[in-house]
Amino acid sequence: MADIRPFCAIRPRVGLEERIAALPYDVYNRQEARGETIKNPLSFLRIDRAETQFPEGTDMYDACVYQKARDLLDEMLREGQLIQETDSCYYIYELTMDGRTQTGIVACASVDDYETQVIKKHENTRAEKEEDRIRHVDACSAQTGPIFLAYRSQEAINSLVEKTKQSDALYDFTASDGIRHRVWKIQNQTEIHEIQENFEKTGAIYIADGHHRCASAVKVANMRRQAHPGYTGEEEFNYFLSVLFPDDQLMIMAYNRVVRDLNGYQAKEFLEKVSERFRVEKLGKEAVSPKEKGQISMYLSDCWYTLTIPVTESAIDPVGRLDVSVLQKELLTPILGIGDLRTDQRIDFVGGIRGLQELERRVHEDCSVAFAMYPTSISELFAVSDAGLLMPPKSTWFEPKLRSGLFIHRIEA
């Protein structure tokens with residue numbers, strides 16, 4: 001039974017939403033983030049990446065950076081660029097990319113549901129990446145980036161969402177990357193109760209994207225629970241900002257791999273080793289994506305190949321059946337000598353949104369071989385999460401990305 005609640009959002013004043021909304025903080029490196037905030041001084045990236053407001057060379061983890069984030073948030077509220085809602089509402093958030101639309105419900109999910117695995121994860125998190133967001137959420141006393149959650153589609157929720165979308169949108173803009181964003185507010189108490197009641201019937205909820213943001217929100221909640229031993233469970237810090245999407249609307253893109261060297265092999269020797277474990281077909285110079293599960297496209301020495309995973313008895317666990325797991329087990333580790341994907345500096349990951357040309361560029365520039373994967377499916381993600389298991393790092397790439405700054409959740413004690 002999932003506890004998915006409406007909340008009193010902080011959100012942009014109508015007319016400023018396009019200028020304030022920003023891509024997630026972690027899609028930019030430091031230089032790119034600074035450039036974005038110079039180009040658009042109202043970008044919410046100023047708050048999510050407050051080091052951009054300091055001279056180059058400032059330690060991005062200094063306490064003054066997190067305090068600056070809080071100061072900027074308060075300043076935008078004082079100046080009316082952001083407004084604080086006084087009533088608890090749900091919001092409908094629609095994103096359209098390349099003619100494909102997905103529509104989610106903006107709400108707050110329960111920390112307790114995360115702890116008891118009603119909200120399920122499929123990735124491990126890294127402590128150093130969590131620490132930054134823990135300090136950011138704690139300093140701002142607000143969650144500024146929503147967690148991307150998925151649930152098994154429900155007709156009752158779908159119908160209410162579609163009904164709401166027949167009315168005028170609160171926000172409607174197309175960002176510079178071509179993605180259209182539309183938002184509606186649900187404040188009718190009957191409809192709010194209906195949504196809440198239906199989520200209570202959904203069973204499991206799944207983290208699609210934002211594992212580090214989610215883990216950080218939970219850890220801040222636990223810090224505040226310790227600081228307020230008489231807490232009731234109703235305080236805002238017991239909930240975290242989320243957008244929940246039905247599974248049948250989501251698209252997962254491939255998360256591809258590039259490797260810096262061939263572990264001492266010449267290209268011909270490497271191909272021979274790969275041929276012992278996969279059926280290898282030489283394609284030529286034209287890039288070709290995998291056409292189905294069980295295929296991997298490989299780029300080596302200016303040539304593309306298809307690697308077909310041999311048909312064998314399926315792995316018992318849902319992780320072992322993933323193409324990314326087979327690549328790791330049969331090629332990356334035994335042939336290229338790559339063990340821990342999280343720490344090995346010889347491997348890098350390229351989101352599918354960047355295309356196969358980015359893999360070619362990396363091989364020409366700083367790598368020796370690239371692997372284009374067939375996308376992991378949402379059903380595979382659910383199966384791994386339901387089994388209480390974890391996918392290999394960088395197994396899924398979701399598009400389009402949710403914008404930060406459209407919805408903010410204050411967690412004052």
Side-chain angles (χ1 to χ4, degrees), residues 6-28 30 32-56 58 60 62-93 106-108 132-133 135-146 168-177 179-185 187 213 217 220 236-237 239-241 243 401-413:
F7 69 111
C8 296
I10 295 173
R11 60 177 179 82
R13 187 179 79 225
V14 172
L16 294 181
E17 60 272 13
E18 183 175 357
R19 295 175 63 192
I20 291 174
L23 283 165
Y25 74 97
D26 52 358
V27 306
Y28 298 102
R30 190 168 185 172
E32 290 169 340
R34 182 177 295 277
E36 285 294 316
T37 59
I38 292 171
K39 184 169 62 177
N40 178 13
L42 272 187
S43 171
F44 198 78
L45 201 56
R46 294 186 311 150
I47 293 172
D48 269 349
R49 296 285 296 272
E51 77 275 9
T52 60
Q53 307 305 297
F54 291 86
E56 290 189 26
T58 300
M60 63 188 294
D62 192 283
C64 67
V65 172
Y66 299 101
Q67 183 59 47
K68 182 66 171 178
R70 173 62 184 256
D71 293 344
L72 288 169
L73 179 59
D74 291 344
E75 178 185 296
M76 292 185 78
L77 278 162
R78 282 197 308 272
E79 295 185 358
Q81 296 159 344
L82 294 172
I83 62 172
Q84 171 73 70
E85 295 272 24
T86 56
D87 296 321
S88 290
C89 304
Y90 289 116
Y91 297 85
I92 304 300
Y93 183 13
V106 186
C108 281
D132 168 52
R133 287 303 100 177
R135 296 179 67 188
H136 190 275
V137 170
D138 196 37
C140 291
S141 222
Q143 298 149 357
T144 60
D168 292 336
L170 175 67
Y171 302 140
D172 185 349
F173 66 95
T174 300
S176 58
D177 58 3
I179 296 172
R180 186 182 183 186
H181 302 262
R182 293 202 292 171
V183 171
W184 295 260
K185 183 163 71 168
Q187 51 193 342
R213 291 193 296 276
V220 171
E236 291 300 323
F237 59 69
Y239 294 85
F240 56 88
L241 180 64
V243 187
K401 300 294 184 189
L402 307 181
R403 285 338 194 233
S404 295
L406 288 178
F407 314 97
I408 301 151
H409 177 223
R410 265 272 160 90
I411 59 165
E412 301 284 6

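Residue numbers count from 1 along this sequence. Quantities reported herein were computed from a predicted structural model and do not represent experimental measurements.
- The minimum heavy-atom distance linking Ser404 with Gly145 is given by the pair OG-CA, 3.9 Å.
- Shown here for Ala22 and Ser43, the closest heavy-atom pair between the two residues is CB-OG, 3.6 Å.
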Item to complete: Using the side-chain contact (heavy atoms from CB on, under 4.5 Å) rule, take Phe44 and Ile408 through it: C-alpha gap first, then chi angles, then the decisive distance, then the call.
Response: CA-CA 11 Å; Phe44 198 78; Ile408 301 151; 3.5 Å; yes
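- Residues satisfying the side-chain contact (heavy atoms from CB on, under 4.5 Å) test with Ala33, not counting sequence neighbours, are Tyr28, Leu45, Arg49, Thr52.
- In terms of heavy-atom proximity, Phe54 sits nearest to Cys64 at CZ-O, 3.6 Å.
- Every residue two or more places apart in sequence or in another chain that forms a side-chain contact (heavy atoms from CB on, under 4.5 Å) with Arg19 is listed here: Leu16, Asn40, Leu42.
- Of all non-hydrogen atoms in Thr144 and Leu241, the two that sit nearest each other are C-CD2, 4.5 Å.
- Glu236 pairs by the side-chain hydrogen bond (donor to acceptor under 3.5 Å, both in side chains) definition with His409, not counting sequence neighbours.
- With sequence neighbours excluded, no residue satisfies side-chain hydrogen bond (donor to acceptor under 3.5 Å, both in side chains) with Arg133.
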Worksheet item: Should Arg11 and Leu170 be marked as a side-chain contact (heavy atoms from CB on, under 4.5 Å) after you check the CA-CA gap, both sets of side-chain angles, and the distance that decides it?
Response: CA-CA 11 Å; Arg11 60 177 179 82; Leu170 175 67; 3.8 Å; yes
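- Every residue was checked against the salt bridge (charged side-chain N to carboxylate O under 4.0 Å, His left out) condition with Asp168, not counting sequence neighbours, and none meets it.
- Atom CD of Glu32 sits about 12.0 Å away from atom OG1 of Thr37, to the nearest 0.5 Å.
- Here Leu72 contributes atom CG and Gln67 contributes atom CD; the two are 10.0 Å apart, rounded to the nearest 0.5 Å.
- Remark: Leu82 CG to Leu406 CG distance equals 10.0 Å, nearest 0.5 Å.
- Tyr171 places a side-chain N or O within 3.5 Å of a backbone atom of Pro12 that can act as its donor or acceptor partner.
- Residues satisfying the side-chain contact (heavy atoms from CB on, under 4.5 Å) test with Asp26, not counting sequence neighbours, are Pro24, Arg213.
- Taking CD1 from Ile10 and CZ from Arg410, the interatomic distance works out to 4.5 Å, rounded to the nearest 0.5 Å.
- Interatomic distance, Tyr91 OH to Phe7 CZ, rounded to the nearest 0.5 Å: 6.0 Å.
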Practice prompt. Take Thr58 and Glu51 through the test side-chain contact (heavy atoms from CB on, under 4.5 Å) and record every step on the way to the result.
Written response: CA-CA 7 Å; Thr58 300; Glu51 77 275 9; 5.8 Å; no
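- Going from atom CG of Asp71 over to atom OH of Tyr66 covers 15.0 Å, rounded to the nearest 0.5 Å.
- A search for side-chain contact (heavy atoms from CB on, under 4.5 Å) contacts involving Thr174 returns Arg180, not counting sequence neighbours.
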Item to complete: Applying salt bridge (charged side-chain N to carboxylate O under 4.0 Å, His left out), run through Arg403 and Asp177 and close with a yes or a no.
Response: CA-CA 12 Å; Arg403 285 338 194 233; Asp177 58 3; 2.5 Å; yes
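- The side-chain hydrogen bond (donor to acceptor under 3.5 Å, both in side chains) search around Glu56 returns none, not counting sequence neighbours.
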Item to complete: Output, in order, the C-alpha distance, side-chain angles, deciding distance and verdict of side-chain contact (heavy atoms from CB on, under 4.5 Å) for Ile47 and His136.
Response: CA-CA 9 Å; Ile47 293 172; His136 190 275; 4.2 Å; yes
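- The salt bridge (charged side-chain N to carboxylate O under 4.0 Å, His left out) check on Lys185 picks up Glu85, with sequence neighbours excluded.
- Side-chain N or O atoms of Arg46 include none that pairs as donor or acceptor with a backbone N or O of Gln53 at under 3.5 Å.
- The two residues Arg13 and Glu17 have their closest heavy-atom pair at O-OE1, 3.5 Å.
- The shortest side-chain heavy-atom distance between Phe240 and Val137 does not fall under the 4.5 Å cut-off.
- Under the salt bridge (charged side-chain N to carboxylate O under 4.0 Å, His left out) criterion, Arg70 pairs with Asp74, Glu412, sequence neighbours left out.
- Contacts of Asp132 classified as salt bridge (charged side-chain N to carboxylate O under 4.0 Å, His left out), with partners at least two apart in sequence or in another chain: none.
- In plain terms, the two heavy atoms of Ala9 and Gln84 that are nearest each other are O-NE2, 3.5 Å.
- Evaluation of the side-chain hydrogen bond (donor to acceptor under 3.5 Å, both in side chains) rule for Glu36 yields Lys39 as partners, not counting sequence neighbours.
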